[in-house]
Amino acid sequence: MTLITIDRVSRLFDDPKRKTAVKALDDVSLKVGRNEFLCLLGPSGCGKSTLLNMIAGFDKPSSGTVSVGGQQVSAPGADRGVVFQQPTLMPWLSVWENVAFHLTMRGASREVRREKAQRFIDMVGLRGFENHFPSELSGGMNQRVGIARALLMNPEVILMDEPFGALDEQTRMDMHAELVRIWRESQTTIVFVTHAIDESLALGTHVAVMSARPGRIRELIPIDLERPRDPTSPRFNDYKRHILSLLRPQAIPQAAPQPALQPVREPALRAA
């Protein structure tokens with residue numbers, strides 16, 4: 001069942017220095033099913049984050065429409081949780097208070113906030129760190145707090161913009177495993193922006209490969225690999241080679257070679 005529909009979306013940004021418009025996205029159409037894990041993959045500047053921001057309601061298309069649950073997106077909503085590149089936590093609040101911040105804004109009591117936050121703190125593996133502050137946690141742990149905060153809103157969709165880009169390789173792999181577990185347990189739909197092929201294949205049920213700016217969908221690829229996924233397996237690397245071929249810049253057609261010109265011979269002069 002389709003949950004997110006992106007229909008012929010284009011996005012233009014004004015560039016006052018060049019006195020022209022920059023086309024970030026061009027005629028993008030995409031459907032995301034309920035409980036899918038879609039990875040948006042493409043080079044820097046191809047419009048991945050712009051597309052994510054439109055689903056979140058932070059930005060609007062210049063043309064086309066974005067819908068979630070059959071309703072056209074016009075603003076941010078509680079049905080969509082966002083996890084940014086940086087955790088954006090309040091440094092003066094403890095872990096549980098950061099997780100429950102949405103409930104604080106709604107005026108919930110301390111007891112209700114603490115009880116509801118604990119479920120998601122447990123889900124992301126941070127039991128025992130409830131009263132720690134962000135400065136006392138590692139980068140990966142802070143990202144878990146951001147994920148727990150998004151989950152507490154009980155959204156239909158979680159939007160993630162390269163959340164593990166600043167982590168070391170080992171921590172990133174650990175977070176991949178944790179995120180897949182959380183996704184399965186929460187039964188939510190995830191749209192995840194990345195520029196790393198291995199990351200997209202480790203996580204996604206589908207990978208949407210985007211072209212360089214202006215961003216277009218080159219191909220939507222269903223990923224049929226068992227979990228946990230082995231990046232050394234032949235099938236994993238078959239997918240990787242195919243995606244690399246899509247990301248490789250297209251060669252500029254060469255003009256057909258012209259035959260070499262033969263020197264013109266002057267007719268021999270005959271003796272008078």
Side-chain angles (χ1 to χ4, degrees), residues 1-11 24-43 46-85 146-147 150-151 153-164 176 179-211 214-225 227 229 239 242-243 246-247:
M1 181 180 177
T2 299
L3 179 60
I4 302 170
T5 301
I6 298 164
D7 186 25
R8 306 199 63 166
V9 162
S10 295
R11 183 66 171 98
L25 294 169
D26 184 23
D27 198 26
V28 173
S29 293
L30 192 63
K31 291 185 178 181
V32 185
R34 195 175 296 275
N35 304 134
E36 287 183 355
F37 196 132
L38 173 71
C39 289
L40 293 174
L41 174 70
C46 74
K48 305 183 297 294
S49 295
T50 299
L51 193 57
L52 198 80
N53 285 336
M54 290 180 185
I55 302 171
F58 300 148
D59 195 6
K60 294 181 180 180
S62 301
S63 62
T65 59
V66 177
S67 301
V68 175
Q71 299 295 317
Q72 187 169 326
V73 173
S74 59
D79 59 335
R80 286 152 283 141
V82 183
V83 179
F84 299 97
Q85 292 181 13
I147 294 169
L151 287 168
M153 296 172 63
N154 193 30
E156 288 189 286
V157 180
I158 293 183
L159 306 167
M160 309 185 79
D161 191 359
E162 298 191 63
F164 308 142
H176 289 167
L179 182 57
V180 169
R181 178 186 62 78
I182 293 165
W183 164 66
R184 283 174 158 171
E185 187 175 335
S186 64
Q187 291 292 294
T188 190
T189 301
I190 294 180
V191 180
F192 187 103
V193 165
T194 180
H195 61 263
I197 298 175
D198 282 16
E199 182 167 63
S200 70
L201 291 173
L203 295 173
T205 60
H206 296 74
V207 176
V209 182
M210 297 183 67
S211 67
R216 302 180 179 93
I217 302 296
R218 293 290 304 278
E219 188 174 338
L220 177 62
I221 307 170
I223 307 300
D224 183 18
L225 292 171
R227 297 184 188 273
R229 293 176 174 172
Y239 279 112
H242 178 60
I243 291 173
L246 294 172
L247 292 173

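These numbers were taken from a predicted model, which means no experiment stands behind them.
Looking at every heavy atom in both residues, Ile217 comes nearest to Ser29 through CG1-O, 4.1 Å. Nearest approach of Leu203 to Phe192, heavy atoms of both residues: CD1-CZ, 3.7 Å. Pairing each heavy atom of Leu25 with each of Gly47, the nearest pair is CD2-O, 3.6 Å. Closest non-hydrogen pair, Thr189 versus Asn35, comes out as OG1-N, 2.7 Å. Nearest heavy-atom pair across Ala202 and Val180 is O-CG2, 4.4 Å. Contact between Val83 and Ala150 at its shortest, heavy atoms only, is CG2-CB, 3.9 Å.
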Side chain to side chain contact (heavy atoms under 4.5 Å, CB included) evaluation trace for Val157 with Val32:
CA-CA 10 Å; Val157 180; Val32 185; over 6 Å; no
Val209/Leu247 under side chain to side chain contact (heavy atoms under 4.5 Å, CB included): CA gap, chis, key distance, verdict
CA-CA 8 Å; Val209 182; Leu247 292 173; 3.7 Å; yes
Run the side chain to side chain contact (heavy atoms under 4.5 Å, CB included) test on Gln187 and Arg34 for me, step by step, so that the C-alpha distance in whole Å, both residues' side-chain angles and the decisive distance to 0.1 Å come before the verdict.
CA-CA 9 Å; Gln187 291 292 294; Arg34 195 175 296 275; over 6 Å; no
Given side chain to side chain contact (heavy atoms under 4.5 Å, CB included), test Leu38 with Ile4 step by step and report yes or no.
CA-CA 11 Å; Leu38 173 71; Ile4 302 170; over 6 Å; no
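A donor-acceptor distance shorter than 3.5 angstrom exists from the side chain of Lys48 to the backbone of Pro43, with no hydrogens or angles considered. Of the possible polar contacts, one joining the Thr205 side chain to the Phe37 backbone as a donor-acceptor pair under 3.5 Å is found.
In this structure, CE in Met160 is found 5.0 Å from CG in Leu179, a value given to the nearest 0.5 Å. Of the inter-residue distances, the one linking Ser211 atom OG with Glu219 atom CD reads 13.0 Å to the nearest 0.5 angstrom. A distance of 4.5 Å separates CD1 in Ile243 from CD1 in Ile221, rounded to the nearest 0.5 Å. Here the straight-line distance linking atom CG of Leu40 with atom CG of Leu30 works out to 7.0 Å at 0.5 Å rounding. For the atom pair Leu41 CG and Met210 CE, the distance stands at 10.0 Å (nearest 0.5 Å). Interatomic distance, Cys46 SG to Leu51 CG, rounded to the nearest 0.5 Å: 9.0 Å.
For Arg227, the side-chain hydrogen bond (donor to acceptor under 3.5 Å, both in side chains) test picks out no residue, with sequence neighbours left out. For Ser49, the side-chain hydrogen bond (donor to acceptor under 3.5 Å, both in side chains) partners two or more places apart in sequence, or in a different chain, are Asp161. Applying the salt bridge (charged side-chain N to carboxylate O under 4.0 Å, His left out) criterion to Arg80, with sequence neighbours excluded, gives no partner residue. Checked against side-chain hydrogen bond (donor to acceptor under 3.5 Å, both in side chains), Arg229 has no partners two or more places apart in sequence or in another chain. Take Arg8 and apply the salt bridge (charged side-chain N to carboxylate O under 4.0 Å, His left out) test, not counting sequence neighbours, and it matches Asp27.
Proximity of Asp26 to Ser10: side-chain heavy atoms (C-beta onward) are separated by under 4.5 Å at one or more points. Side-chain contact between Val207 and Tyr239 is absent, with no heavy atoms from C-beta onward closer than 4.5 Å. Residues Ser67 and Asp7 form no side-chain contact, since every pair of their non-hydrogen atoms from C-beta on lies 4.5 Å or further apart.
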Side chains of residues 193-201: which donor-acceptor pairs under 3.5 Å do they make with residues two or more places apart or in other chains?
| from | atom 1 | to | atom 2 | distance (Å) |
| --- | --- | --- | --- | --- |
| Thr194 | OG1 | Ala196 | N | 3.0 |
| Thr194 | OG1 | Glu199 | OE1 | 2.7 |
| His195 | ND1 | Glu162 | OE1 | 2.8 |
| Asp198 | OD1 | Lys240 | NZ | 3.0 |
| Glu199 | OE2 | His176 | NE2 | 2.8 |
| Ser200 | OG | Ile197 | O | 2.7 |

